[in-house]
Amino acid sequence: MDAEERLLAAMERLIRLQQEISSAILSECGVPDITGKQIEYLKVIDEQGDVTFTRLAEITRNSKPTVTEMINRFVGMECVYRERSSCDGRVLFIRLTEKGRRIARVEEASLALLVSRLEGSLDSDDLDRLFRIIRNIR
């Protein structure tokens with residue numbers, strides 16, 4: 001096996017490990033079959049903070065009925081809830097539950113757990129070598 005094949009195999013292993021960790025987190029949340037697109041919508045809600053149905057439709061480039069259907073699905077999954085604006089009772093904000101926030105941040109959480117696995121698997125010399133190698137990647 002040449003260097004390129006070995007590097008490809010190593011990268012595939014790291015990616016597979018992260019995906020396994022992500023799948024485990026999503027299973028713990030009770031949503032093992034959630035789609036990548038649904039996770040992306042939850043990320044948008046997480047990033048926006050105070051987001052309305054109209055604003056979410058604009059950001060995701062979907063119709064308001066599509067967004068409403070998606071939010072209804074998320075409410076059923078216990079990932080989001082609706083909250084009326086204290087300033088204008090006609091305005092509804094979409095808020096993440098703790099479960100929704102955990103799902104929205106699954107990539108970061110899985111990367112953190114992967115790093116923990118690396119730290120637990122490598123001695124300090126190997127970690128230093130890995131830092132130097134990664135720092136040199138352009």
Among residues at least two apart in sequence or on other chains, which ones pass salt bridge (Lys or Arg N to Asp or Glu O under 4.0 Å) with [X]?
X: Glu40; answer: Lys43
X: Arg90; answer: Asp88
X: Asp50; answer: Arg95
X: Glu58; answer: Arg55

Discussion item. Checking the side chain of Lys99 only, and the main-chain atoms of Val80 only, is there a donor and an acceptor separated by less than 3.5 Å?
Written reply: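 Side chain of Lys99 to backbone of Val80: no pair is present.
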
Worksheet entry | N/O donor-acceptor pair under 3.5 Å between Gln18 side chain and Ile15 backbone |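 Pair absent, no side-chain N/O of Gln18 close to backbone of Ile15.
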
Rounded to the nearest 0.5 Å, how far apart are [atom1] of [X] and [atom2] of [Y]?
X: Leu113; Y: Glu108; atom1: CG; atom2: CD; result: 12.0 Å
X: Ser27; Y: Ile34; atom1: OG; atom2: CD1; result: 11.5 Å
X: Gln19; Y: Leu26; atom1: CD; atom2: CG; result: 11.5 Å

Worksheet item: Taking only residues two or more places apart in sequence, or in another chain, which ones meet Glu4 in a side chain to side chain contact (heavy atoms under 4.5 Å, CB included)?
Response: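 Per chain and number, Glu4 pairs via side chain to side chain contact (heavy atoms under 4.5 Å, CB included) with Asp2.
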
Practice prompt. Under the side chain to side chain contact (heavy atoms under 4.5 Å, CB included) rule, collect the residues that match up with Arg101, sequence neighbours excluded.
Written response: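 Once residues adjacent in sequence are excluded, the partners of Arg101 under the side chain to side chain contact (heavy atoms under 4.5 Å, CB included) criterion are Asp46, Leu96, Glu98, Arg105.
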
Worksheet item: Lys64 versus Thr54: any side-chain heavy-atom pair under 4.5 Å?
Response: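 In short, these two side chains touch, coming nearer than 4.5 Å.
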
Please report the shortest heavy-atom distance between [X] and [Y], naming the atom on each side.
X: Ile103; Y: Cys79; answer: CD1-SG, 3.6 Å
X: Leu127; Y: Leu118; answer: CD2-O, 4.2 Å
X: Gln38; Y: Phe74; answer: O-CZ, 3.5 Å
X: Leu56; Y: Ile71; answer: CD2-CD1, 3.9 Å
X: Arg84; Y: Gly89; answer: NH1-O, 2.8 Å

Practice prompt. Not counting sequence neighbours, list each pair that qualifies as a side-chain hydrogen bond (donor to acceptor under 3.5 Å, both in side chains) and has a residue in residues 66-77.
Written response: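 Residue pairs with at least one partner in residues 66-77: Ser63-Thr66, Glu69-Arg73, Asn72-Arg82.
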
Worksheet item: Could you give all pairs that pass the side-chain hydrogen bond (donor to acceptor under 3.5 Å, both in side chains) test and reach residues 115-127, with sequence neighbours left out?
Response: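 Matches after skipping sequence neighbours: Asp126-Arg129.
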
Discussion item. Ser86: which residues meet the side-chain hydrogen bond (donor to acceptor under 3.5 Å, both in side chains) condition with it, sequence neighbours left out?
Written reply: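 Partners of Ser86 by the side-chain hydrogen bond (donor to acceptor under 3.5 Å, both in side chains) criterion come out as none, since no residue qualifies.
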
Item to complete: Tell me, please, which residues at least two apart from Ser22 pass side-chain hydrogen bond (donor to acceptor under 3.5 Å, both in side chains).
Response: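 Residues passing side-chain hydrogen bond (donor to acceptor under 3.5 Å, both in side chains) with Ser22: Ser110.
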
Worksheet entry | Apart from Val91 itself, residues in the same hydrophobic cluster as defined by side-chain heavy atoms under 4.5 Å |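 Result for Val91 is Phe93.
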
Worksheet item: Among pairs that include at least one residue of residues 6-29, which meet salt bridge (charged side-chain N to carboxylate O under 4.0 Å, His left out), considering only residues two or more places apart or in two chains?
Response: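 Checked against salt bridge (charged side-chain N to carboxylate O under 4.0 Å, His left out) - neighbours excluded - the pairs reaching residues 6-29 are Glu28-Arg102.
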
